[in-house]
Number of protein chains: 2
Amino acid sequence: MHPATTLLRDIADLTTEFERHLGRQLTVNPTDLEAMDHLIREGALSPTELANRLHITTAAVTTVVDRLVAVGHVSREANPRDRRGVLVVPAPESVRRAMSTLMPMILGMDDVLSDFNDAEKDTITSYLSRVVAVYRAQLPSKPADSA
Amino acid sequence: MHPATTLLRDIADLTTEFERHLGRQLTVNPTDLEAMDHLIREGALSPTELANRLHITTAAVTTVVDRLVAVGHVSREANPRDRRGVLVVPAPESVRRAMSTLMPMILGMDDVLSDFNDAEKDTITSYLSRVVAVYRAQLPSKPADSA
DNA sequence: ATCGTATTATTAGATCGTCTAACAACATCG
DNA sequence: CGATGTTGTTAGACGATCTAATAATACGAT
């Protein structure tokens, strides 16, 4: 096994550990953190959309949102397009708090790249793209969900 | 955010999805899969060692091992060095089954690298090492556990 | 327009996984 | 040896998710 392949594995493990760390910062469990992650990256989502992304039922999402509302990380708002629907909106202050832990990481990642020239950056990007392709090839295709 | 940084994120997500896939192959839950992962990579481990690696209590490990024994993925054996102790030993057939899903992935990863020359491989490895360093810098240091 | 069907979010009750606490068996060290 | 620590297990509590049922609303075909 090539060193790079091993490093990729290390990064995966470190990512998991970082998520535990971030969860502690926001005092939420792993599922609730993942919900926040989606809300931060995609903006307000409906419970159904969250359920698809988290791979849990909408019943479970109801309790996820209950917990997040209780600690002030999100609010439930009416969906203007569908009177049955609900929109789960992330609280700006919570987004800010998450960002304060996330940004050093992201900046650190980008900073690593600044030490490589353009050709090297292309090599790295090309490598990572191909790794993604290998993953996708091995996985049973997951069609787009937008529910 | 640089494309490479985004790809790294994609790889993290795909890794999680791949683990779900692998868990289905072996019909085990995420925790039990992670236990198998450690047993496959490190060989037989004691319940205490598993508890440290999985971040759960030894009481929880007892039930993890109970489940894995029930489906034949591991066996409990006496620890020759300590008469209180137990060794959790992975079943060869289960290791083989896991490998049949794991190997295409690992070979695919190594294969990607074979399309790069030595200088490019160095660039890639150097990049990944630095990414690992960034993670470690952001994380509260986790000392070695060998219990 | 209206009726039947589908979808949305919630609740209630069951189940599963993990925790804390207590314990028995054994190790270790002064 | 005897006090103290460690190992793994059990019992009971709790938390998170599931299935099933339900009310409210959307939507499609006639």
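Protein chains get the first letters and strands the later ones, always in sequence-line order, with residue 1 at the start of each.
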* Go through the steps for A/Val88 and A/Glu49 under the test side-chain contact (heavy atoms from CB on, under 4.5 Å), then give the verdict. => CA-CA 10 Å; A/Val88 182; A/Glu49 288 168 330; over 6 Å; no
Just how far, in rounded Å, is [atom2] of [N] from [atom1] of [X]?
{"X": "B/Asn52", "N": "D/dG8", "atom1": "CG", "atom2": "C1'", "value": "14 Å"}
{"X": "A/Arg83", "N": "C/dT8", "atom1": "CZ", "atom2": "C1'", "value": "14 Å"}
{"X": "A/Leu68", "N": "D/dA16", "atom1": "CG", "atom2": "P", "value": "11 Å"}
{"X": "A/Leu54", "N": "D/dT17", "atom1": "CG", "atom2": "P", "value": "9 Å"}
{"X": "A/Arg84", "N": "D/dA24", "atom1": "CZ", "atom2": "P", "value": "13 Å"}
{"X": "B/Asp82", "N": "D/dG5", "atom1": "CG", "atom2": "C1'", "value": "12 Å"}
{"X": "A/Arg81", "N": "C/dA9", "atom1": "CZ", "atom2": "P", "value": "15 Å"}
{"X": "A/Asn79", "N": "D/dA24", "atom1": "CG", "atom2": "C1'", "value": "14 Å"}

Listed nucleotide nearest any side-chain atom of A/Pro47, set D/dT10, D/dT7, C/dT10: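 Between D/dT10, D/dT7, C/dT10, the one nearest the side chain of A/Pro47 would be C/dT10.
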Practice task
Scan residues 105-114 of chain B for pairs that pass side-chain hydrogen bond (donor to acceptor under 3.5 Å, both in side chains), counting only residues two or more places apart or in two chains.
Solution key: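 Residue pairs passing side-chain hydrogen bond (donor to acceptor under 3.5 Å, both in side chains), neighbours aside: A/Thr5-B/Asp110.
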- Query: Contact class for B/Arg76 vs. all strands (heavy atom < 4.0 Å): base, sugar-phosphate, or nothing?
  - Reply: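 It contacts sugar-phosphate atoms only.
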Q.
I want to check something: taking the side chain as every heavy atom from C-beta on, are B/Arg53 and B/Leu45 in contact at a cut-off of under 4.5 Å?
A.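 In contact.
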Rounded to the nearest 0.5 Å, how far apart are CG of B/Leu102 and CE of B/Met105?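 Rounded to the nearest 0.5 Å, the CG-CE separation comes out at 8.0 Å.
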Below 3.5 Å is the cut-off: list the nitrogen or oxygen pairs between protein and nucleotides 17-21 of chain C, distance only.
{"unit_1": "C/dG17", "atom_1": "OP1", "unit_2": "B/Asn29", "atom_2": "ND2", "d": "2.9"}
{"unit_1": "C/dT18", "atom_1": "OP1", "unit_2": "B/Thr31", "atom_2": "OG1", "d": "2.4"}
{"unit_1": "C/dT18", "atom_1": "OP2", "unit_2": "B/Arg67", "atom_2": "NH2", "d": "3.2"}
{"unit_1": "C/dC19", "atom_1": "OP2", "unit_2": "B/Thr57", "atom_2": "N", "d": "2.8"}
{"unit_1": "C/dC19", "atom_1": "OP2", "unit_2": "B/Thr57", "atom_2": "OG1", "d": "3.2"}

Between B/Arg67 and B/Thr63, is the side-chain contact (heavy atoms from CB on, under 4.5 Å) condition met? List the steps. CA-CA 6 Å; B/Arg67 287 191 298 265; B/Thr63 78; 3.5 Å; yes
